[in-house]
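Single-structure report; data block below.
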Amino acid sequence: MRIRYFAWLKQRVGLAEEELDPPPEVTTVGRLKAWLGERHPRFAEACAAPGVVRAAVDQEFADDDRPLRGAREVAFFPPVTGG
Amino acid sequence: MRIRYFAWLKQRVGLAEEELDPPPEVTTVGRLKAWLGERHPRFAEACAAPGVVRAAVDQEFADDDRPLRGAREVAFFPPVTGG
Amino acid sequence: MTVRVVEGRFDPATELAAFARGRSDVGAVASFTGLVRDEHGGEPVLAMTLEHYPGMTERQLARIEAEARARWPLLDVLVIHRVGRMLPGEPIVLVATASAHRAAALEACAFLIDWLKTKAPFWKLEETPAGARWVEARASDDAAAARWER
Amino acid sequence: MTVRVVEGRFDPATELAAFARGRSDVGAVASFTGLVRDEHGGEPVLAMTLEHYPGMTERQLARIEAEARARWPLLDVLVIHRVGRMLPGEPIVLVATASAHRAAALEACAFLIDWLKTKAPFWKLEETPAGARWVEARASDDAAAARWER
């Protein structure tokens with residue numbers, strides 16, 4: 001599974017993307033956040049504040065309870081600020 | 001006093017403007033309408049339908065009860081349709 | 001002059017290119033262009049003639065512009081309205097607004113065209129295959145303008 | 001393509017000149033241009049960099065455009081969003097809508113920019129004299145977008 005980080009999350013984590021193979025119990029976006037937080041303490045810190053870390057699964061916005069079955073790419077980013 | 005007509009009122013009345021000296025009892029826009037209606041039967045016809053003939057006194061929109069004291073120019077026209 | 005009544009054809013893109021140019025305090029520009037359509041109420045429109053009340057027109061446009069500037073923090077405003085005879089596809093009116101932020105620019109632009117439509121002395125004469133006819137005022141335009149009354 | 005993500009500078013006036021050109025069924029064109037301001041929250045802004053999520057961006061913009069076309073009778077739509085580094089005064093985004101009548105064009109234009117601001121994956125990094133800082137999302141943008149939820 002490809003994990004991508006954008007904007008200041010990319011700077012906090014220190015990388016733009018990584019290829020990872022989460023264990024079977026990581027079945028949702030929320031569990032993936034927690035699992036990634038163990039690898040990246042500053043990612044865990046960001047996730048501790050509510051509403052700050054948004055996610056997309058295969059380029060669709062996704063909530064924490066979104067299942068990961070079949071997902072190829074999961075992205076994490078702060079709230080968008082375009083336009 | 002200069003009287004002006006615009007759009008289809010100009011066509012109904014048959015002229016774009018005229019210089020007139022209304023009698024002293026013509027003290028308001030409404031009375032001027034009635035007085036002009038005696039000269040121009042098709043103007044009277046148009047005024048009979050409510051909301052169809054609008055007026056401006058010295059280039060300011062004016063209701064029927066607007067006094068004419070000091071007015072130099074009174075215009076009559078249908079509801080505007082610009083833009 | 002930010003309010004102009006013009007007799008000849010004008011190009012909204014050229015006007016917009018010059019509008020608020022070189023100002024780096026502007027974060028938002030909104031514009032509205034009204035054009036002659038080739039159809040109205042199911043009938044072809046061959047041409048359109050805009051009549052107006054010279055003097056009163058400019059006065060009303062300036063007043064509407066002043067009202068917009070009083071209601072929103074606008075950095076620039078442009079209103080151009082054409083009069084005379086024009087053909088389908090040609091622009092009739094251009095309204096543009098510039099502000100630091102988008103809500104002011106968008107709202108003021110909608111306000112300006114809504115009030116212009118009901119408060120500026122213009123009248124449209126359409127040429128159709130069946131002859132010329134004066135366009136009737138629409139209740140929906142009054143309703144749109146009334147949104148901004150207060 | 002009516003939705004474009006571009007890396008270089010673009011000229012809204014040129015884009016608008018080509019937009020809906022030669023169509024005589026269009027009676028109304030509305031547009032919104034967002035530009036880099038030289039100030040934000042009282043601090044000078046020297047430059048702005050727009051990051052985005054390639055692929056998802058285009059997908060979201062196309063979806064927002066489809067939603068606008070489903071809600072209003074639009075004859076044409078254009079959305080251009082720039083990414084990369086840009087300077088104060090330079091355009092970031094252009095939205096344009098064309099319709100037979102003005103309400104559809106004006107409302108759809110406001111809708112498109114409101115939804116783009118909250119649903120398309122772009123992030124702004126501002127360069128100030130004190131260093132670079134990521135722009136924070138604003139509650140007012142969420143409120144503006146929520147107006148259109150149904």
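Chain naming here is simple, since letters A, B, ... match the order of the sequence lines and numbering starts at 1 in each. Below, all heavy atoms of this structure are taken into account, side chains as well, without hydrogens, waters or symmetry copies.
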Above 12 or not: heavy atoms from other molecules or residues under 6.0 Å from [atom1] of [X]?
{"X": "A:E19", "atom1": "CD", "answer": "yes"}
{"X": "D:R147", "atom1": "CZ", "answer": "yes"}
{"X": "D:E43", "atom1": "CD", "answer": "yes"}
{"X": "A:R2", "atom1": "CZ", "answer": "yes"}

Quiz prompt | Counterpart residues, salt bridge (charged side-chain N to carboxylate O under 4.0 Å, His left out), relative to D:E127 (two or more places apart) | solution =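 Residues passing salt bridge (charged side-chain N to carboxylate O under 4.0 Å, His left out) with D:E127: D:R85.
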Quiz item: Hey, which residues of residues 10-18 of chain A are touching chain D, say heavy atoms under 4.5 Å apart?
Solution: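 From residues 10-18 of chain A, the residues near chain D are A:K10, A:Q11.
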Self-check item: D:Q60, part contacting chain A, at a heavy-atom distance under 4.5 Å
Solution: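 Looking at D:Q60, just its side chain touches chain A.
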Self-check item: Side chain, backbone, both or neither of D:I92 within contact of chain A (heavy atoms, under 4.5 Å)
Solution: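 Contact with chain A: side chain only.
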Quiz item: For A:R54, is it the side chain, the backbone, both or neither that has a heavy atom under 4.5 Å from a heavy atom of chain D?
Solution: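 Contact with chain D is absent: no heavy atom of A:R54 under 4.5 Å.
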Quiz item: Of the backbone (N, CA, C, O) and the side chain (C-beta and beyond), which part of A:A7 lies under 4.5 Å from a heavy atom of chain D, both, or neither?
Solution: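 For A:A7, heavy atoms of backbone and side chain both lie under 4.5 Å from chain D.
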Please report the shortest heavy-atom distance between [X] and [Y], naming the atom on each side.
{"X": "D:Y53", "Y": "A:A56", "answer": "CE1-CB, 4.3 Å"}
{"X": "D:A120", "Y": "A:V80", "answer": "O-CB, 3.3 Å"}
{"X": "A:D58", "Y": "D:R59", "answer": "O-NH1, 3.7 Å"}

Practice problem: Flag the one option from A:A75, A:G82, A:P78 with the top tally of heavy-atom pairs under 4.5 Å to chain D. | Solution: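 Heavy-atom pairs under 4.5 Å are most numerous for A:G82.
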Quiz item: Can you check side chain to side chain contact (heavy atoms under 4.5 Å, CB included) on D:R63 and A:E60, steps first, answer last?
Solution: CA-CA 11 Å; D:R63 184 173 291 174; A:E60 298 279 350; 2.8 Å; yes
Practice problem: Mind checking the CZ-CZ spacing from D:F122 to A:F6? Nearest 0.5 Å is all I need. | Solution: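 Nearest 0.5 Å value for the CZ-CZ distance: 11.5 Å.
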Self-check item: Rounded distance [0.5 Å steps], CZ in A:F77 versus CD in D:E51
Solution: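 Rounded to the nearest 0.5 Å, the CZ-CD separation comes out at 11.0 Å.
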Quiz item: Just by distance, do the side chain of A:T81 and the backbone of D:K124 share a donor-acceptor pair under 3.5 Å?
Solution: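 Checking the backbone N and O of D:K124 against the side chain of A:T81, a donor-acceptor pair under 3.5 Å is found.
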